[in-house]
Amino acid sequence: MNDYQTLTDHYRPEIFFDISADLFFIAGYDGYFKKVNPAVCKLLGYTESELLSRPINEFIYPEDLEKTIQSRELVKSGKPLLHFENRYITKSGEIVWLAWTSMPHINHELVYAIAKDVTYRKKIEVERNNLLANIKKINQDLKKITYTASHDLRSPVNNLLSVFELLDVTKIQDQETIEFIDMLKTTTKNLKTTLNSYVDNISHHDQLNIKVENLSLENVVRSVLHSIQSQIKESNIKIELDFEAFDKVLFNRVYLESIFINLITNAIKYSQLGVPQIITIKTQFQNGVAQLVVADNGCGFDIDKVKDKIFGLNQKFHQHIDSHGIGLYLVYNHVTDMGGQIDVTSEIGKGTTFTISFKSNS
């Protein structure tokens with residue numbers, strides 16, 4: 001007996017067939033299994049004799065039967081079957097997913113097939129799809145609420161503007177009162193413009209790309225400052241602007257206005273009593289990256305304690321009556337949605353600095 005004969009006697013091909021964890025099948029063109037390995041019996045719960053004595057179609061999940069028959073006809077015509085998936089019903093009534101690779105042997109009218117149990121992967125896919133469907137519904141509901149709120153608020157705003165138009169300021173003698181009325185009128189107009197922008201932005205939010213335009217940072221920030229001039233005047237805060245490094249940025253207008261209004265009003269809200277307050281808004285280039293810097297000398301906070309929460313929803317770090325924990329969440333999402341990055345440094349009693357790095361458009 002030669003060495004090859006000894007080797008083949010010791011390592012019989014049947015051993016590989018019997019011990020493999022994969023599912024091995026030999027099926028005939030007549031629609032019956034001719035041989036299966038123990039892994040098949042273990043998964044489906046049938047004995048080998050039970051599996052060989054009944055038509056294959058009886059083990060297939062009814063909804064997958066038609067496509068399975070079609071794929072079987074392709075194999076019988078001599079075409080290999082790759083990456084085909086269908087469901088089988090076990091003896092206990094459970095459903096299992098199998099992924100098939102099948103090769104025909106036309107001369108012997110046999111099909112040699114290897115299958116893998118992919119039931120767990122399919123369950124994960126179903127859970128993922130359900131989760132995505134739930135997230136989509138939640139987003140749609142939030143969009144509807146936001147759209148409704150923005151839309152419905154325009155009516156009282158329009159009514160308020162009508163009141164200002166009807167108001168005869170020539171009968172008012174006090175100059176300061178006239179200035180306040182003009183301020184209220186301007187603020188209300190800006191509110192109407194903002195609400196219209198929100199509605200338009202929400203209406204187009206399902207599009208692949210967020211609408212962007214080439215904006216002047218100085219023009220946008222001055223428009224925002226004009227809309228909150230009463231807060232600025234009341235807080236007696238000084239605002240310094242410096243856009244010498246660059247002034248133009250490709251960005252969404254609504255997002256940029258929201259970023260400015262939240263960062264500026266936060267700085268006003270958390271200013272220090274008894275200290276002349278200054279907000280500095282400037283642009284700079286850092287290692288070739290265009291950046292917008294908004295800094296204040298307000299209360300500040302312990303950055304080490306809150307650095308992982310600062311941009312989270314409903315996160316509040318001061319006990320201010322008007323603090324809701326939403327502003328910085330919006331700022332962060334506006335920046336990242338546009339492909340940018342935002343960093344923050346702060347120290348208690350020394351103020352806070354936000355640095356926004358814009359996405360390169362090169």
Side-chain angles (χ1 to χ4, degrees), residues 176 179-180 182-184 186-187 189-191 193-194 213-303 306 310-311 317-318 320 322-323 327-328 330-332 334-335 338 340-359:
E176 188 176 13
E179 290 177 4
F180 278 129
D182 184 61
M183 191 181 299
L184 285 171
T186 301
T187 302
K189 285 182 178 179
N190 288 337
L191 178 58
T193 301
T194 301
E213 52 186 307
N214 201 23
L215 300 170
S216 164
L217 290 168
E218 183 168 4
N219 288 345
V220 173
V221 76
R222 288 194 181 280
S223 175
V224 168
L225 292 176
H226 188 66
S227 69
I228 58 171
Q229 57 183 308
S230 60
Q231 292 184 53
I232 296 171
K233 186 175 182 180
E234 183 181 357
S235 63
N236 198 30
I237 202 164
K238 182 180 180 182
I239 298 178
E240 298 178 347
L241 305 179
D242 179 5
F243 297 103
E244 280 201 24
F246 67 92
D247 179 53
K248 297 288 186 178
V249 61
L250 196 63
F251 216 80
N252 178 273
R253 178 179 291 276
V254 173
Y255 287 3
L256 189 58
E257 289 175 348
S258 179
I259 289 169
F260 276 129
I261 199 165
N262 278 292
L263 292 182
I264 294 170
T265 55
N266 268 6
I268 294 173
K269 193 185 305 178
Y270 303 119
S271 58
Q272 295 191 77
L273 294 175
V275 179
Q277 295 297 289
I278 301 175
I279 300 175
T280 302
I281 303 173
K282 67 175 184 177
T283 53
Q284 65 183 28
F285 284 99
Q286 185 72 29
N287 297 324
V289 177
Q291 295 180 331
L292 172 69
V293 180
V294 180
D296 65 65
N297 62 337
C299 296
F301 48 84
D302 189 338
I303 193 68
V306 303
I310 189 167
F311 295 115
F317 312 111
H318 296 282
H320 194 283
D322 196 32
S323 180
L328 292 183
L330 292 174
V331 170
Y332 175 82
H334 293 334
V335 172
M338 296 302 300
Q341 180 180 326
I342 182 167
D343 298 293
V344 57
T345 58
S346 187
E347 189 174 345
I348 295 176
K350 294 188 177 180
T352 304
T353 299
F354 291 93
T355 303
I356 296 171
S357 299
F358 293 105
K359 176 184 176 182

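Values reported hereafter were calculated over all heavy atoms of this structure, with side chains retained and with hydrogens, waters and symmetry mates removed. What you see is a predicted model, and the numbers here were worked out from it, not measured in a lab.
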Practice item. Could you go through the side chain to side chain contact (heavy atoms under 4.5 Å, CB included) check for L217 and F260 one step at a time? Key: CA-CA 10 Å; L217 290 168; F260 276 129; 4.1 Å; yes

Exercise for review: Evaluate the side chain to side chain donor-acceptor pair (under 3.5 Å) criterion for residues T355 and D343: first the C-alpha distance (whole Å), next the side-chain angles of each, then the deciding distance (0.1 Å), finally the verdict.
Suggested key: CA-CA 5 Å; T355 303; D343 298 293; over 6 Å; no

**Study point:** Full working for side chain to side chain contact (heavy atoms under 4.5 Å, CB included) between I259 and F354
**Key:** CA-CA 11 Å; I259 289 169; F354 291 93; over 6 Å; no

For a quick test of reading the model, state the closest non-hydrogen atom pair linking [X] to [Y] and the distance between them.
X    : Y    : answer
S346 : F301 : OG-N, 3.0 Å
T352 : V344 : CG2-CG2, 3.7 Å
V335 : I342 : CG1-N, 4.1 Å
S216 : K248 : CB-NZ, 3.9 Å
Y255 : M338 : CD2-CG, 3.8 Å

From [X] atom [atom1] to [Y] atom [atom2], the distance as rounded to the nearest 0.5 Å:
X    : Y    : atom1 : atom2 : answer
I237 : I279 : CD1   : CD1   : 3.5 Å
K269 : C299 : NZ    : SG    : 12.0 Å
L241 : R222 : CG    : CZ    : 5.0 Å
F358 : T283 : CZ    : OG1   : 8.5 Å
N252 : E213 : CG    : CD    : 7.5 Å
K238 : I232 : NZ    : CD1   : 14.0 Å

Review point. Is atom CD of E244 surrounded by more than 12 heavy atoms (other residues, nucleotides or ligands) closer than 6.0 Å?
Key: no

Exercise for review: Tell me, yes or no, whether the heavy-atom count around E234 atom CD, taken from other residues, nucleotides or ligands under 6.0 Å, exceeds 12.
Suggested key: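 Not buried by this count: 12 neighbours or fewer within 6.0 Å.
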
Is [X] reaching over with its side chain to a backbone N or O of [Y], donor-acceptor style, under 3.5 angstrom?
X    : Y    : value
D247 : E218 : yes
Q291 : I356 : no
Q277 : I268 : no
N297 : I278 : yes

Review point. Can you tell if the side chain of D242 reaches within under 4.5 Å of the side chain of T280, non-hydrogen atoms only?
Key: no

Check your understanding: Picking from D296, L328, V294, I261, what satisfies side-chain contact (heavy atoms from CB on, under 4.5 Å) with N266?
Key ->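 The single option meeting the side-chain contact (heavy atoms from CB on, under 4.5 Å) with N266 is L328.
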
**Study point:** Intermediate values then yes/no, side chain to side chain contact (heavy atoms under 4.5 Å, CB included), I281 and L292
**Key:** CA-CA 7 Å; I281 303 173; L292 172 69; 4.0 Å; yes

